[in-house]
Each structure stands twice: as C-alpha cells, then as structure tokens.
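We're numbering straight along the sequence, starting at 1.
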Amino acid sequence: MLKRFPVKYIRDYLKKRYQKTDYCYICASTDKLEFHHLYSVSELFNSWCVKNKISEITTVEEINIYREQFEKDYFWELSNDNALTLCKQHHERLHNIFGQRYDNSVVKKVKNWVEIQKEKN
C-alpha cells in the first residue's frame, strides 16, 4: 500500500536528474533558493496515466515500473531546460501571478515572465 500520492514518488525519483544552481535564475540571489518545474509534474503524470489507461496505482512496485516509462515519455518537459532555481521571493511571485498549480498550457507565458524579470535585474 502506498503511503503517499503516486506523484510524490515520481517527483522523488526525478530529483536525481536535476542540477540545481547556487543562485536565482532571475536576480542571482544565493539566499533561500527553491526549485521550480516549468511543467507541472502532477499534470504530466495525470495525463500520462489517462493516456496509458492507468486508473489506480496501489503499490510502490507499480510506481517503480511506471516512473521509468513516464520519465522517458516526458523527457524534454522534465529536463533541466524546463526547470529553474529561483529565490523564494521570485518563486512566490511567479506562483502569485500564475497560480499555485498553473496549467501546462501557460508554460510559454511563465517562461516569458521569467525572462522579463531577469532583464529587469
């Protein structure tokens, strides 16, 4: 039986691939850094489950099987090219503007906002 939501196991598994920087992408601050996925892992995983007709995951063994294929299927969206290290202030600001869980259809707008903020600094 799973102790957490399946996507939590997926996120933990994906952490191995990310290269967090030691400064904020926007302002270069080195304080209170946080990691931000431009694409929602939850949304990608939910879509992947629907596409693959997976309605329920009940064991860690199932997660272990699914997570590798999920990672392969969404390799680009889950890559370092689509993840940022941000200071807490910019990370919170991003989510205040776009929502705590924004839809993946707005990723281009988020990327644009990040680049505009970076130019201002």
Asn104 meets the side-chain contact (heavy atoms from CB on, under 4.5 Å) criterion, sequence neighbours left out, with Tyr39, Ser40, Glu43, Leu44, Val107
Just list the side-chain donor-acceptor pairs under 3.5 Å for residues 21-33, sequence neighbours left out, or say none.
residue	atom	partner	partner atom	Å
Thr21	OG1	Tyr23	O	2.9
Thr21	OG1	Thr85	OG1	3.3
Tyr25	OH	Glu115	OE1	3.4
Tyr25	OH	Glu115	OE2	2.6
Ser29	OG	Asp31	N	3.2

Residues passing the side-chain contact (heavy atoms from CB on, under 4.5 Å) test with Glu34, sequence neighbours excluded, are Lys88, His91
Applied to residues 48-64, the salt bridge (charged side-chain N to carboxylate O under 4.0 Å, His left out) test, sequence neighbours excluded, yields none
Sorted by chain and number, sequence neighbours left out, side chain to side chain donor-acceptor pair (under 3.5 Å) with Tyr102 holds for His36
Residues at least two apart in sequence or cross-chain that pass salt bridge (Lys or Arg N to Asp or Glu O under 4.0 Å) with Asp12, listed by chain then number, are Arg4, Lys15
Contacts of Lys109 meeting salt bridge (Lys or Arg N to Asp or Glu O under 4.0 Å) (sequence neighbours excluded), chain-then-number -> none
Hits for side chain to side chain donor-acceptor pair (under 3.5 Å) against Lys20, two or more places apart or cross-chain, chain-then-number order -> none
For Gln69, the side-chain contact (heavy atoms from CB on, under 4.5 Å) test, sequence neighbours excluded, returns Trp48, Lys72, Asp73
Gln117 meets the side chain to side chain donor-acceptor pair (under 3.5 Å) criterion, sequence neighbours left out, with Arg93
Contacts of Ser105 meeting side chain to side chain donor-acceptor pair (under 3.5 Å) (sequence neighbours excluded), chain-then-number -> Asp103
With sequence neighbours left out, the residues meeting ring-ring contact (aromatic ring centres under 6.0 Å, His included) with Phe35 are Tyr18, His37
